[in-house]
Amino acid sequence: ETSLPSIASFSQSLDNIMETNGFQLGSITELLGLPGSGKTQLCLQLCASVQIPKELGGLNAEALFIDTNTNFTISRFREILKATLLRCQSILGEPLQLTEDEALSKLHYVNAFGLEKFCAFMYRLPNFLGAHPNVKLIAIDSIAYPFKDGISTKQRTGLLFKQMAELQRMAVQHQIAVVLSNEMSTRVGLSTGAVVGSLGDAWAHRCNVRVLLSTPQIPQDPTERLALLLKSNVAPSTVARFKITEEGIRD
Ligand code: ATP
């Protein structure tokens, strides 16, 4: 087991392929995948996981969910949160200090639909983090969506890279895990090296860790997913099998 602080996904298999046995603080992790591959579900799980005690894979901390495509539903988050808290209780064998209502209030939800709203919030982000020092996870679901149309590739690149530099700076300064979802439009084989999301090639260099989520070609059951580590600081590329269940992300 590693001593580096990170956020557990609740799939041991997925956490195992990560350098820090979970989602790394001080780092930007990109979740790449087709619609339905599980990017949003994993973000929601991490928003619950970050709140739980350290000995159970959390950080006793708060989460910021920046929703750019209105994928978020509070009912689904509540479901994952409830299951996560219950599971912690059963491991500990005693009630958690954290109640469901408290945990709900520790998820800071921001609707950033549209490029203007997104940029406006990103501009406010340093202030937000100053006012909420216990935020240890920022999930942006999805990073590509605000830049989808109405902006030239050149403009997009300039704006996005400036925001990424700022995110990187804040991730390191405040020791926050930044998790970005990025949708792909076409299926790629897990063996292909050249996996490109909707933000192009140069983008990949801005992320410290990149994980490709997918559905197995012939799944045994519809909950099964694969995670392929495309880029990491040290860990070699590996595949993990995990599941998306009613309770959230599991093995
Ligand atoms: P998109 O690019 O469309 O946002 P995504 O990668 O974010 O896609 P998710 O929304 O994370 O995809 O995953 C959707 C999948 O999660 C569903 O197909 C389903 O398999 C699973 N899922 C969603 N809600 C539940 C639930 N309540 N119980 C079990 N599985 C669920």
Side-chain angles (χ1 to χ4, degrees), residues 1-2 6-24 29-53 55-59 63 65 67 69 71-92 96 100 103 107 137 139 141-142 177 179-184 187-191 195 197 209-232 235-251:
E1 217 171 277
T2 172
S6 63
I7 306 166
S9 69
F10 272 62
S11 157
Q12 191 57 60
S13 158
L14 175 53
D15 291 341
N16 277 346
I17 66 167
M18 311 293 272
E19 185 187 338
T20 50
N21 196 30
F23 286 73
Q24 197 174 328
T29 301
E30 176 190 19
L31 304 177
L32 196 65
L34 289 173
S37 56
K39 303 179 296 294
T40 302
Q41 304 301 312
L42 182 50
C43 288
L44 294 177
Q45 176 66 65
L46 293 171
C47 286
S49 298
V50 71
Q51 303 202 20
I52 66 175
E55 64 269 29
L56 299 175
L59 294 166
F65 190 102
D67 187 8
N69 56 11
N71 258 349
F72 179 88
T73 60
I74 188 72
S75 57
R76 179 57 176 147
F77 179 64
R78 197 190 279 270
E79 189 174 41
I80 292 175
L81 183 65
K82 219 175 185 162
T84 302
L85 296 182
L86 270 177
R87 186 172 160 132
C88 290
Q89 277 187 22
S90 78
I91 294 170
L92 287 175
L96 273 186
E100 195 185 320
L107 173 71
L137 169 72
D141 188 21
S142 87
V179 177
L180 312 174
S181 78
N182 184 10
E183 60 271 4
M184 289 185 327
R187 185 167 180 107
V188 289
L190 284 183
S191 52
V195 176
V209 181
R210 305 183 75 214
V211 184
L212 175 66
L213 304 182
S214 66
T215 305
Q217 298 270 5
I218 309 159
Q220 311 265 312
D221 76 78
T223 64
E224 275 183 49
R225 294 293 186 281
L226 298 174
L228 174 69
L229 192 61
L230 294 176
K231 178 186 175 184
S232 144
S237 290
T238 357
V239 183
R241 287 181 173 276
F242 68 99
K243 288 185 171 144
I244 308 174
T245 72
E246 244 170 69
E247 287 81 39
I249 303 299
R250 293 292 183 274
D251 275 312

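Just so it is clear, the model here is predicted, and its values are computed rather than measured.
Side chain of Asp141 to main chain of Thr40: no donor-acceptor pair is present (N/O by atom type, distance under 3.5 Å, no hydrogens or angles). For the pair Ser49 (side chain) and Ala8 (backbone), a donor-acceptor distance under 3.5 Å is present. Under the 3.5 Å distance criterion, the side-chain polar atoms of Ser13 are matched with a main-chain donor or acceptor of Arg241. The backbone N or O of Glu246 lies less than 3.5 Å from a partner atom in the side chain of Arg76, making a donor-acceptor pair.
Pairing each heavy atom of Phe23 with each of Ala177, the nearest pair is O-CB, 4.3 Å. The minimum heavy-atom distance between Leu46 and Ser9, with the atom names listed, is CD2-CA, 4.0 Å. In terms of heavy-atom proximity, Asn21 sits nearest to Ser6 at O-OG, 3.5 Å. Looking at every heavy atom in both residues, Thr215 comes nearest to Pro219 through CG2-CG, 4.4 Å. For the residue pair Leu137 and Cys47, the shortest heavy atom distance occurs at CD2-N, 3.5 Å. Between Ala63 and Val50, the shortest heavy-atom contact is CB-CG1, 3.8 Å.
Atom NZ of residue Lys243 and atom CG of residue Leu14 lie 14.0 Å apart, to the nearest 0.5 angstrom. The structure places CZ of Phe65 at 7.0 Å from CG of Asn71, a figure rounded to the nearest 0.5 Å. Note: Glu224 CD to Ile244 CD1 = 11.0 Å, rounded to the nearest 0.5 Å. With rounding to the nearest 0.5 angstrom, the OG1 atom of Thr223 is 10.0 Å from the CZ atom of Phe242. Atom CZ in Arg210 sits 11.0 Å away from atom CG in Leu31 (nearest 0.5 Å). If you take CG on Leu44 and CD on Gln41, they are separated by 5.5 Å, rounding to the nearest 0.5 Å.
In this structure, Ser214 and Leu228 have side chains that are not in contact, with every pair of non-hydrogen atoms separated by 4.5 Å or more. Under the 4.5 Å side-chain criterion, counting only non-hydrogen atoms from C-beta, Leu42 is not in contact with Val179. The shortest distance between side-chain heavy atoms of Leu230 and Val211 does not fall below 4.5 Å. Annotation: side chain of Glu19 is in contact with side chain of Gln24 (closest heavy-atom distance under 4.5 Å).
Using modelled atom types, one finds a donor on one side chain and an acceptor on the other under 3.5 Å when comparing Asn182 with Glu30.
Environment of CD in Glu55: crowded, with over 12 heavy atoms of neighbouring residues, nucleotides or ligands closer than 6.0 Å.
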Would you mind writing out the side-chain donor-acceptor pairs for residues 83-90 within the sub-3.5 Å range, not counting sequence neighbours?
{"from": "Thr84", "atom 1": "OG1", "to": "Gln45", "atom 2": "NE2", "distance (Å)": "3.3"}
{"from": "Thr84", "atom 1": "OG1", "to": "Ile80", "atom 2": "O", "distance (Å)": "2.7"}
{"from": "Ser90", "atom 1": "OG", "to": "Arg87", "atom 2": "O", "distance (Å)": "3.0"}

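Listed by chain and residue number, nothing satisfies the salt bridge (Lys or Arg N to Asp or Glu O under 4.0 Å) test with Glu247 (two or more places apart in sequence, or in another chain). Not counting sequence neighbours, the partners of Ser37 by the side chain to side chain contact (heavy atoms under 4.5 Å, CB included) test are Lys39, Leu213.
Under a 4.0 Å N-O distance rule, the pair Lys82/Glu79 does not qualify as a salt bridge.
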